[in-house]
Amino acid sequence: MAGFGDIVGHEQVISHLKNAISMGKVSHAYILNGPEGAGKRMIAEAFARALQCENHDTEGCGKCRSCHQAESRNHPDIIYVNHEKPNTISVADIREQINGTIDIKPYNTTSRYKVYIVDEAEKMNEQAQNALLKTIEEPPSYAVILLLTTNQEAFLPTILSRCVQLKLKPLRDFTVKKYLTDTLHVEEADADIYAAFARGNLGKAISLASSEDFKLLHGEMLHLLKHVKEMDISELLDYIRKMKEENLDIYECLDFMQLW
């Protein structure tokens, strides 16, 4: 589990959360909103670690027992809410994993908080959101609920109004490229392409850098773009047929052409 110092970018969001800890003004509910791969889970876990740190370090000291438990994702007062159905977080999930346990005080004697992390929170159906709303309206003083989402518009207005809303903005291409070259040792020319194609999403850039499919797409599209003026219609159709047989994503191909 990363600390705030390990996270690339998102300085405003991190500053807000660290200030909330240092000033003793931690909210009972937060929404972290951003695309998949933007770093929502890393930020949520870093915040949870810092909240539980026995040395009251806004970064999370990384040395105390609580920080070690958080690092191994084995902290009894940092709860990850799961759901069995792939596309739905049901009312039963919320009642059993949050409402049914939130009134039980933190297990660790050193824990100041009980933190619930709900990933893919946009998958909560209306009944689940209404069940959660009752808890958010009258939470125990030690409860902190973190809703991670790619689409906060899926939430009821009553949920939105009772949560602190934090939006993760795209990183600069320079920041993404620097991480790829310095940390993953990606060649600079390749890092330029991955950073531009990821559009400020570090998680996506990292995924692209290790993707054989993207390397295939990259090679095929470069070949096409270099020779497209020389091709007649039949050659273009043959090339498109070949790309289809290789299962290349046509939308990613078009994105690449537009980017180039």
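None of the values given here were measured: they were computed from a predicted structure.
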(Q) Starting from Val81, can I reach Ile145 by hopping between I/L/V/M/F/W/Y residues whose side chains sit under 4.5 Å apart? (A) yes

Q | Side chains of Ile89 and Asn125 in contact at under 4.5 Å (non-hydrogen atoms) | A | no

Q.
Exactly one of Asp77, Asn74, Asn108 should register a side-chain hydrogen bond (donor to acceptor under 3.5 Å, both in side chains) with Gln69. Which one does?
A. Asn108

Q. Do the charged groups of Glu137 and Lys134 touch, with an N to O distance under 4.0 Å?
A. no

Q. Short question: side chain of His83, backbone of Ser90 - any donor-acceptor pair under 3.5 Å?
A. no

Q) Taking Arg49 for the side chain and Gly60 for the main chain, is one N or O donor matched with an acceptor at less than 3.5 Å? A) yes

Q: State the CD1-CZ distance between Ile78 and Phe47, to the nearest 0.5 angstrom.
A: 11.0 Å

**Q.** Closest contact, heavy atoms only, Leu51 versus Arg112
**A.** O-NH2, 3.0 Å

Q. Which atoms form the tightest heavy-atom contact between Asp173 and Gly200, and what is the distance?
A. OD1-N, 4.1 Å

Q. Do Ile94 and Ile79 share a hydrophobic cluster (ILVMFWY, side-chain heavy atoms under 4.5 Å, transitive)?
A. yes

(Q) Test: ring pair (Phe, Tyr, Trp, His ring centres under 6.0 Å). Region: residues 168-204. Which pairs qualify, not counting sequence neighbours? (A) Tyr194-Phe214, Phe197-Phe214

Q. Short question: side chain of Glu122, backbone of Thr150 - any donor-acceptor pair under 3.5 Å?
A. yes

Q) Which atoms form the tightest heavy-atom contact between Asn55 and Cys64, and what is the distance? A) ND2-CB, 4.1 Å

**Q.** Donor on one side chain, acceptor on other, His227 and Glu235, under 3.5 Å
**A.** no

Q: With salt bridge (charged side-chain N to carboxylate O under 4.0 Å, His left out) as the test, would you mind laying out the steps for Lys63 and Glu54 before giving the verdict?
A: CA-CA 9 Å; Lys63 299 175 182 178; Glu54 294 173 20; over 6 Å; no

Q. Can you list the residues that meet the side chain to side chain donor-acceptor pair (under 3.5 Å) rule with Tyr30, with sequence neighbours excluded?
A. none

Q. Can you find a pair of side-chain heavy atoms, one from Leu17 and one from Leu166, that are under 4.5 Å apart?
A. yes

Q: Might you point out which heavy atoms bring Val91 and Ala131 nearest each other, and give the distance in Å?
A: CG2-CB, 3.8 Å

Q. Which one of Asp190, Asp192, Asp182 satisfies the salt bridge (charged side-chain N to carboxylate O under 4.0 Å, His left out) criterion with Lys177?
A. Asp192

Q. Can you tell me how far the CD atom of Gln127 sits from the CZ atom of Arg95, to the nearest 0.5 Å?
A. 9.0 Å

**Q.** Distance, nearest 0.5 Å, that separates CD of Glu230 from CG of Leu236
**A.** 11.0 Å

Q: Measure the spacing between OH of Tyr113 and NE2 of His28 and express it to the nearest 0.5 Å.
A: 9.0 Å

Q. Are Glu36 and Lys204 close enough for a salt bridge, meaning some N to O gap below 4.0 Å?
A. no

Q: Treat each ILVMFWY residue as a node, draw an edge where side-chain heavy atoms are under 4.5 Å apart, and state whether Val164 and Ile136 are in one component.
A: no

Q | Path from Ile43 to Ile21 over hydrophobic side-chain contacts below 4.5 Å | A | yes

**Q.** Ile233 CD1: over 12 foreign heavy atoms closer than 6.0 Å
**A.** no

Q) When hydrophobic residues are tied together by side-chain contacts of less than 4.5 Å, even through go-betweens, does Ile31 share a cluster with Leu133? A) yes

Q: Rounded to the nearest 0.5 Å, what's the gap from CG on Leu146 to CG on Asp119? Could you check?
A: 10.5 Å

Q: Output, in order, the C-alpha distance, side-chain angles, deciding distance and verdict of side-chain contact (heavy atoms from CB on, under 4.5 Å) for Leu32 and Leu147.
A: CA-CA 6 Å; Leu32 291 174; Leu147 303 177; over 6 Å; no

**Q.** Results of side chain to side chain donor-acceptor pair (under 3.5 Å) for Gln165 - residues two or more places apart only
**A.** Gln152

Q.
Using modelled atom types and a 3.5 Å cut-off, is there a donor and acceptor pairing between side-chain atoms of Lys114 and backbone atoms of Thr101?
A. yes

Q | Side-chain (Ser111) to main-chain (Tyr107) donor-acceptor, under 3.5 angstrom | A | no

Q.
For Leu180 versus Ala195, what's the shortest heavy-atom pair and its separation?
A. CD1-N, 4.3 Å

Q | Spacing of OG1 belonging to Thr158 relative to CD belonging to Gln129, to within rounding of 0.5 Å | A | 7.5 Å

Q. So, for Ile14 and Gly9, which heavy atoms are closest and what is the spacing to 0.1 Å?
A. CD1-O, 3.7 Å

Q) Got a donor-acceptor contact below 3.5 angstrom from the Asn201 side chain to the Gly203 backbone? A) yes

Q) Do any N or O atoms from the side chain of Thr181 and from the backbone of Lys178 form a donor-acceptor pair under 3.5 angstrom? A) yes

Q.
With no hydrogens and no angle check, just 3.5 Å: does a side-chain donor-acceptor pair link Asn33 and Thr149?
A. no

